Structures are given as C-alpha cells and as structure tokens.
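Residue numbering restarts at 1 for every chain, and letters A, B, ... go by the order of the sequence lines. Worth saying up front: this structure is predicted, and the values here are computed from it rather than measured.
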Number of protein chains: 2
Amino acid sequence: MRQCESKLKLLRTAHELISQQSYGSVGVDQICEQSGVKKGSFYHFFRSKSELTVAAYEYHWASLQETLDRIFSAEKAPLDRLGDYFNHVRQTQTDRSQRYGRLLGCPFVSLGCELSTQDESIRLMAQKISEGKRTYLENTIREAIERGDISAADPRALADELHTYIVGLVQEAKIANDIRVLDRLKSGAYRLLGLHIAPAAV
Amino acid sequence: MRQCESKLKLLRTAHELISQQSYGSVGVDQICEQSGVKKGSFYHFFRSKSELTVAAYEYHWASLQETLDRIFSAEKAPLDRLGDYFNHVRQTQTDRSQRYGRLLGCPFVSLGCELSTQDESIRLMAQKISEGKRTYLENTIREAIERGDISAADPRALADELHTYIVGLVQEAKIANDIRVLDRLKSGAYRLLGLHIAPAAV
DNA sequence: AAAGTACTTAACCGATCGGTCAAGATCAAG
DNA sequence: CTTGATCTTGACCGATCGGTTAAGTACTTT
C-alpha cells in the first residue's frame with residue numbers, strides 16, 4: 001500500500017464505522033483492521049483516536065460541502081435550493097438506512113452529542129460544521145426575503161429556527177429508527193418559513 | 001449498606017455519570033466505586049451495564065414525570081403551562097451547567113443518540129420517553145386550541161413541531177456549550193405556535 | 001432455632017482498550 | 001550509490017473493559 005493511501009483509508013473507515021456505531025464502541029484496532037492498515041501506521045499519521053476522528057469528520061465535511069455548494073447554487077431560485085436541500089437530507093438518511101439497516105442520523109450531531117462534554121476539539125469541530133450548515137440556510141433565506149419569496153424581518157433568526165428544526169427532526173428519526181419521521185421535514189419547514197402552501201416542484 | 005439502598009444508589013450514580021459523560025466512557029467499575037457498591041452486588045441486581053442504564057434512566061424519567069405533572073397541571077391556563085415548561089427546560093440546563101461546568105443537554109436524547117443504532121432496548125426507552133414528553137405538549141396545545149388561545153388545525157402536528165424544535169435547540173446548546181442558545185427557546189416556540197407576541201408573564 | 005432467601009465481598013477471568021517501540025522497507029534527492 | 005525522510009510491520013505494554021464465581025453475611029419466614 002503506497003504513500004498517503006493508508007491515511008485516506010483510515011479517514012474514510014473511521015468516519016464510516018463511528019457514524020454507523022459510536023465513538024466509544026469503535027476501537028482503534030477495528031478501524032485498522034477494516035482499513036487494512038497496521039496500528040503502527042495509524043500512530044504514524046495520527047497522534048490519537050480523537051485526532052483521527054476530527055480529521056475524518058472534517059474530511060467528510062469537505063466533501064459534503066461540495067454537495068451543498070451544488071444544492072445551494074446561486075443559479076437556482078432560493079426556494080428551489082431549500083426544497084432540494086430537504087430532499088437531500090431525506091435521501092441521505094434513506095440511503096444509509098438501507099445500506100446499514102439502521103437510520104443513523106447526522107454523523108456530526110451524533111458525534112458532537114456523544115463527546116461534546118468530554119473532548120473539546122471534537123466539540124469545536126461539531127460546532128463549526130453546525131454553523132457551516134446554518135450559513136447555507138441563512139444566505140438562501142436572506143435572498144428569498146430580498147426577492148419577496150418569504151416575508152420575514154430577520155433572516156438570521158429564521159435560519160436558526162429552521163436549522164434547529166432540522167437537527168431536531170433528524171435526531172428524532174434516529175431514535176425512532178423510522179424514516180417516516182422525516183415526512184414532517186417539508187411540512188414543518190415550510191410552515192416555519194411562513195409558506196403555508198408548499199412550492200410547486202415538490 | 002442495607003437492603004435495596006445499593007440498588008437505588010447504583011441507579012442514581014449511573015444516570016449521573018452517564019448523562020455527565022457518555023455511556024461508552026463510563027465503566028461499570030466507575031459506577032460501582034462512586035456508588036460504594038461492589039461489583040458482585042452490581043451483577044446481583046442487574047444482568048448487564050445496558051440493563052442498569054435502562055433502569056437508571058427510567059427511574060429518572062419517573063421522577064421527571066412528577067415535575068412535569070406539576071408544570072402541566074390542568075389547573076393552569078394552557079399557555080402558562082407551556083411558558084413554565086420553557087422556563088423549566090432552560091433552568092434545568094442552567095443548573096446542571098453550573099454544577100458540572102458543562103452544558104449536558106437532554107440525557108435521554110444524548111443516550112438515545114449514542115446508542116440507538118447499537119442497543120435496541122435503550123433505543124426503545126429513549127423513544128418511549130420522547131413520546132411521553134411530546135404528549136404533554138400535545139394535550140396542552142389541544143386545550144389551548146379549544147380555548148381559542150392558539151389557532152391551529154392539528155394539535156398533534158403542532159406538538160410534533162414544537163417538540164422537535166425543543167429537542168434540536170437543546171442539542172445545539174450542548175454542542176455550543178452555551179446556555180445563551182436557549183435564549184431562542186421562547187421566541188422560536190411562540191412563533192411556531194403562531195403567537196407572535198409572547199404571553200405576559202414571561 | 002432452623003432453613004431459605006437476599007445481599008455482600010473480594011478475588012478472578014479472558015478480551016480488549018489506546019498507545020508505544022524498534023527494526024525494516026520504500027522512495028526521492030544529492 | 002548513499003543518505004535521510006517517510007511509511008510499514010508485528011510484537012509488546014499496562015490498564016481497563018464487562019462479567020463471573022464462590023464463599024460469607026444478614027435478614028425473613030416458619
């Protein structure tokens with residue numbers, strides 16, 4: 001196995017295993033075995049399990065951002081971006097639910113929830129990514145307000161509320177292990193946005 | 001140490017340690033030591049760490065229900081109950097935040113988030129308690145609608161949305177480790193309920 | 001008082017935990 | 001061809017993991 005291929009494999013495997021199970025229940029040995037990388041190599045690249053985890057989740061966040069940049073493309077109408085995002089959230093959970101047989105929820109929220117009180121660097125990462133997601137919503141909502149698609153005074157406050165709602169709903173879906181919980185995503189979101197009739201192409 | 005005092009001590013200690021840290025990072029030895037109970041006694045009362053955890057959290061839920069029964073007392077006006085509940089959520093997080101130096105979030109959601117994909121009995125408990133909390137909201141909102149305090153068609157749907165919002169907000173507060181996130185509790189909740197001016201006694 | 005049950009105690013188990021180490025392999029630059 | 005840096009390998013570490021066992025103590029019931 002050459003150069004930094006081992007490092008990438010570790011990043012991908014760590015994110016997959018931990019988001020599928022939990023930080024506490026996944027061991028370094030397990031990550032190494034599934035990566036086909038020996039433990040010594042692990043500790044050549046990363047100083048600790050915690051450091052690998054942060055790197056793995058930031059790696060995943062970087063690729064997720066590419067997807068979000070497409071979904072929130074400035075070329076689309078703001079309400080279309082939001083609709084596409086709601087679809088994306090549901091689709092992601094559906095896909096992983098089928099692959100792993102369990103509804104996994106949001107990996108960043110799950111990790112943050114488990115370790116925020118114990119590992120400050122993981123808490124900061126989860127916080128940063130949460131803020132990043134929220135910003136996509138805020139920019140879109142601001143533009144929607146400017147265009148007159150949404151009538152609201154404070155785009156920031158509205159984005160906060162919407163993001164909070166989505167986080168809560170995905171969390172509930174995980175605990176219920178039921179994708180149907182996400183049926184409430186669009187109805188609740190559009191009500192929050194003051195759009196009592198859902199946009200056309202839903 | 002006499003009779004079932006050991007068992008109660010284990011239940012209380014387990015809930016405290018696990019909600020303060022996480023399931024994965026708290027060991028049976030640690031629970032035993034802090035309880036002043038020997039490991040053999042532990043496994044006399046409980047068959048596994050998982051079983052103790054379920055019992056501990058249901059024990060805590062039982063006492064929380066007494067508090068909620070008071071907050072959601074039928075003698076109060078529905079909107080007062082909701083206001084008191086919002087205060088209670090914030091106050092609980094503030095108290096624990098001061099005691100432990102960390103904002104801990106909702107113990108049931110945190111545990112459910114960590115273990116829903118791995119331990120079905122813990123998932124079911126978290127789901128049941130989430131449903132229990134939601135029901136308090138639903139009954140109150142239904143009564144508020146009947147009285148004309150809130151205008152909405154579907155009390156169930158509205159309670160779902162409110163509960164989801166609260167779960168999401170407490171989660172975000174935990175990840176931000178900042179009690180000020182809960183400043184958005186009332187504003188967001190009242191907007192969700194269609195009450196654009198917050199009730200008097202806030 | 002005897003017997004049976006509930007509970008406590010301390011020693012013990014194999015497995016796994018996160019992490020270390022030193023020797024070797026590979027590779028690019030001089 | 002040599003050097004030095006990067007990466008790999010497998011053996012190894014003490015600590016802790018969840019859980020077991022068997023003997024002993026305390027309390028209840030009859």
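Atom NZ in Lys49(A) sits roughly 8 Å away from atom P in dC17(C) (whole-Å rounding). What separates CZ of Phe42(A) from C1' of dC17(C) is a distance of 13 Å, to the nearest Å. Atom CD of Glu33(B) and atom C1' of dG18(D) are 16 Å apart (whole Å). Atom CG in Leu10(B) sits roughly 14 Å away from atom C1' in dT9(C) (whole-Å rounding). In this structure, Glu5(B) atom CD and dA26(D) atom P are separated by 16 Å, rounded to whole Å. Rounded to a whole Å, the CZ atom of Phe46(B) is 13 Å from the C1' atom of dC7(C). For the pair His44(B) NE2 and dC7(C) P, the interatomic distance rounds to 4 Å; values are reported in whole Å.
Distances from the side chain of Phe45(B) to the nucleotides dC7(D), dT8(C), dG19(D) place dT8(C) closest.
Checked against salt bridge (charged side-chain N to carboxylate O under 4.0 Å, His left out), Arg12(B) has no partners two or more places apart in sequence or in another chain. For Lys49(A), there are no salt bridge (charged side-chain N to carboxylate O under 4.0 Å, His left out) partners, not counting sequence neighbours. Glu161(A) is linked by a salt bridge (charged side-chain N to carboxylate O under 4.0 Å, His left out) to Arg191(B), counting only residues two or more places apart in sequence or in another chain.
Contact annotation: Tyr43(A) side-chain N/O to dG19(C) OP1/OP2 distance is under 4.0 Å. A sub-4.0 Å separation between OP1 or OP2 of dT8(D) and a side-chain N or O of Ser6(A) is present. Within the 4.0 Å cut-off from OP1 or OP2 of dG18(D), not a single side-chain nitrogen or oxygen of Ser48(B) is found.
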Please produce a list of atom pairs where a protein N or O lies less than 3.5 Å from an N or O of nucleotides 10-12 of chain D.
{"unit_1": "dG10(D)", "atom_1": "OP2", "unit_2": "Lys38(A)", "atom_2": "NZ", "d": "3.4"}

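Of the N and O atoms on the side chains of Asp69(A) and Gln65(A), not one donor lies less than 3.5 Å from an acceptor on the other residue. No side-chain donor-acceptor contact under 3.5 Å links Asn139(A) and Glu143(A).
Ion pairing of Arg134(B) with Glu131(B) is present here, as a side-chain N (NZ or NE/NH1/NH2) and a carboxylate O approach within less than 4.0 Å.
For the side chain to side chain donor-acceptor pair (under 3.5 Å) condition, the pairs that include at least one residue of residues 110-121 of chain B, sequence neighbours left out, are Ser22(A)-Gln118(B), Ser25(A)-Gln118(B), Arg102(A)-Glu120(B), Ser50(B)-Asp119(B), Ser110(B)-Lys174(B), Asp119(B)-Ser121(B), Glu120(B)-Arg123(B).
Heavy-atom distances under 4.0 Å link DNA chain D to Val26(B), Gly27(B), Val28(B), Asp29(B) of residues 15-32 of chain B, given in residue order.
Between Trp61(A) and Tyr136(A), the two ring planes are perpendicular [angle over 60°; tilted spans 30° to 60°].
Under a cut-off of 6.0 angstrom, the local environment of CD in Glu33(B) is sparse, with at most 12 non-hydrogen atoms contributed by other residues, nucleotides or ligands.
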